[in-house]
Amino acid sequence: MEPIQIPPVDLTLIAPLLTITAWAIVLLLVDAFLIPDERKKLTGYLALAGLAVTALVAVPLWNVDGSTFSDMVVLDRYSLTLTWLFLLIGGLTIAMALEYLPRHGIEQGEFYPLILFAVASMILLAQATDLIVIFLGIELLSLTLYILTGFAYPRVTSEEAGMKYLIMGAFAAGFFAYGIALIYGATGSTNLAAINAYLAAEPFVLSEQVLLLAGVGLLLITFGFKIALVPFHMWTPDVYEGAPTPVAAFMSVGTKAAALAVLLRILGSAFPLAYEFWLPVLSVLAAVTMLVGNLGALTQTNVKRMLAYSSISHAGYVLLGVIVATERGVEAFLFYMLAYALTNLGAFAVVIALEQRSESAWSLDDFSGLFQRQPFLAIAMAIFMFSLAGVPPTAGFIAKFYVFTAAYEGGLGWLALIGLLTSAIAVYFYLRVVLRMFTRDPGRPVEPAMDRGLHLNITLAAGLTLLIGLLPMPVVNLVERSLVALGL
Amino acid sequence: MDTLIFIITAAIALIGAVAMVVARNAIHSALFLLLNFGAVAVLFLLLYSPFLFAIQLTVYAGAIMVLFLFVVMLLGAERIEDAPDQIAWQRPLGIGLGVVLMLVAMATALRASAFAPPPGGEALATFGDPAALAALLFTHYLLPFQITGIILLVAVIGVVVLNQRGRHRSEEAGREDARTRRREDARR
C-alpha cells in the first residue's frame, strides 16, 4: 500500500493561530509544574504576553493573502483585523480577571490558558472558509465558555449558568451539524467558495431548493443562539448574571464578534445567491432583537442583567451591518464591533470594581452617588453609558451612525429607522445609571476594589472610546482596508 | 432488497429514538438508545461504510453506552420523580411544534430536488474503507482533524478544572467548619 502523502501546507497563513494555541498549551504545563499556587497571577501575565506576541506575529501578514489546508482556512485583511480585535478583547478580559479571581476565591491558573484557547478559536473562526472548520471552531469556543461560565463552581448561580449554557449550546450544535449535512446534500460541498460556485453554475428557483433552504435555516438558528438574537436569547441574562463577571464581559463581546464575523463570511461567500431567503429572515430577527433587547433592559434594576439585555440589543444593531452585505456594511460591522468591545468591556470593568465577594453589588442603588465617592469610576461609567447609548462624541455614536448609514444605503431604510427609534428607548436606561451616579446621595456604602489591572483597563477603554469618538478616521481607514471578498 | 432492509432498520431506529424520549426510566431510555445506535449502524452498512458501521458499534453502542449506564446506575437516577410540570402549557406546545416541524421536514423530503445529484455521488470501490478514510483525514481534512485534538484537550482540561477545584474548595470549607467548631467548644 502506498504511503499517505500529506499535502503541502502553508503554515505562515495560520501563524497567529499556531502561536496562540502553542502558547496556551505550553502555558498550561508551565502553570501546572512551575508556578506555585500563591503566584497564579504570573500565569495571567504570561497569557497577556502570549496575546501580545500573537499580535506582533500577525503584523507582517498584512500584505499576505491566500488559503491553505485544502482551502479550509484563508488569510485576508478581514481576518487579520478581527484577529487583532479578538486579541484586544482577550487582553482586556485577562486584565480584568487578574484581581477578580483571587478576590472571589476562585483563582486557578487554568483560567488564563482557557481564555487563550477561546481567543484561538475565535481567530480560527475569522479565518475559516469551510463549514466543517466553522463547526469545530464554534464547538471549541463554546466548550471553553462552558468551562469558564461554571468557573465559580461552588456558587450555585455560576453552576446553573454553566449548565444552562451547556444544554442550550449542545442543542444548537445539533442544529448546525444537521444544517451542514443538508447543505452538503444540496450542493455536494462544505467549502464556502465551492458552494457558491455550484449554486452559480446554473440558474435555479430558490423556493424549489428546499434542502438548501432548510440547511441555511438551521445554520441561522445556531447563529441566532450564539449571537443571542431574539427569540434565541432566553439564556443570555441568566448566563451573564451567573458567570464570573470577566467571563460575562468576554462572552458579551467576543462570542458575538466571532459568530457575526463568520456569519458574514458564510452569507457573503457561500450564499449570496440565496439572499432572497436569508435577508428577510435576518432583517426580521434584527428588528425584533433591537426591540426586545432594549425593552427588556428598560425594566432591569440589576446592572449586570441590564448589560446583558443591552448586549442583546447591540447584537441587533451590528447585525444590520452584516446583512446589508455591502462593502459599507462590512466596514460598519468591523467598526461597530471595535467600538462596542471597548465600551462594553469598560462597563463590565466598572461593575467588577463595585462587586464584593459573596455579595453582588449590581443593583442600581449601588451606583447611587458614585460620583461623590469614586469620581473616576463614575466618570468612566458615564462615558461607557453614553457610548452604549450612542451619544456623541463617543465611539458608540460613530458606530451607530456608520451602521445606520450602511443599512440605509443598502436599501434597509426601515431597519435603520427601527434602529434609531430603539436607540431613543435605550437612552433612557443608560442615562438612568448616569443620573443615579451624579445626582443621588450614596445609598449603602460599597467599597470599590480598584487595582492596577482594573484601573489600566478602565482608563484604556474610556480613553479609546472617547478618542475613537473624536478621531474616528484612523479606525475607519483600517476597516476600509479590511474588506472581505463578497460574492455579490 | 436494499430498500426493504432500509425500511426495516429505519423503522427500528425511529422506534428506538421515540421510545428513548418517552421512556420514564433512565435505564430503559439508555437501552432504547442502544437499539437506535444498532439500527443506525446497519444504515451505515447500507451506505457502503463498513468502517463507520464498526466504529458505530464499538464506540457508540459499546463504550459510550456502557458509560451512560454506568453513570445512571452510579447516581441511582433511574427514576424520574413524577413532579407536576412547572410550566403546564409547555408540553402540548412542544408536541404541537414538533409535529409542525415533522410535517415541514416531510414536505421537504417529498419535494424532488431540481438539481442533478452533486458531483462525486457515485461510490468508488474503496469508498469508506479504513485506508481511504485515514488518507482523507491526513490530506483533505488535516486541519479539522487537528482541531478536534485541541477540542478534546480543552474538554479534558475542563473536567480536571471543574473537578479538582470542587475537591480543593470542599476541603477548605471542611477545615473552616472544624475551626469554628473548635472555637465554639473552647467557648463552652
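Basis for what follows: all heavy atoms, side chains included, without hydrogens, waters or symmetry-related copies. So you know, we letter chains A, B, ... as the sequences are listed, proteins then strands, and number each from 1.
Within 6.0 Å of CZ in F68(B) there are 12 or fewer heavy atoms belonging to other residues, nucleotides or ligands. For M65(B), the CE atom is densely surrounded, since the number of other residues' heavy atoms within 6.0 Å is greater than 12. Enclosure of atom CZ in F277(A) by more than 12 non-hydrogen atoms of other residues, nucleotides or ligands within 6.0 angstrom is indicated.
Heavy atoms closer than 4.5 Å to chain B are found in the backbone of Q5(A), but not in its side chain. Heavy atoms of S121(A) lying under 4.5 Å from chain B are absent altogether. In this structure, no portion of L148(A) lies under 4.5 Å from any heavy atom of chain B. Proximity to chain B is limited to the side chain of I132(A), based on heavy atoms less than 4.5 angstrom apart. Neither the backbone nor the side chain of L213(A) comes within contact range of chain B, judged by heavy atoms closer than 4.5 Å. Residue contact with chain B, scored on non-hydrogen atoms closer than 4.5 Å, involves the side chain of L28(A) exclusively.
Contact tally against chain B (heavy-atom pairs below 4.5 Å) for D130(A), L140(A), I147(A): the top residue is L140(A).
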Would you list the atom pairs, donor with acceptor, under 3.5 Å between side chains in residues 140-162 of chain B and any protein atom, with sequence neighbours excluded?
{"from": "T148(B)", "atom 1": "OG1", "to": "P144(B)", "atom 2": "O", "distance (Å)": "2.6"}

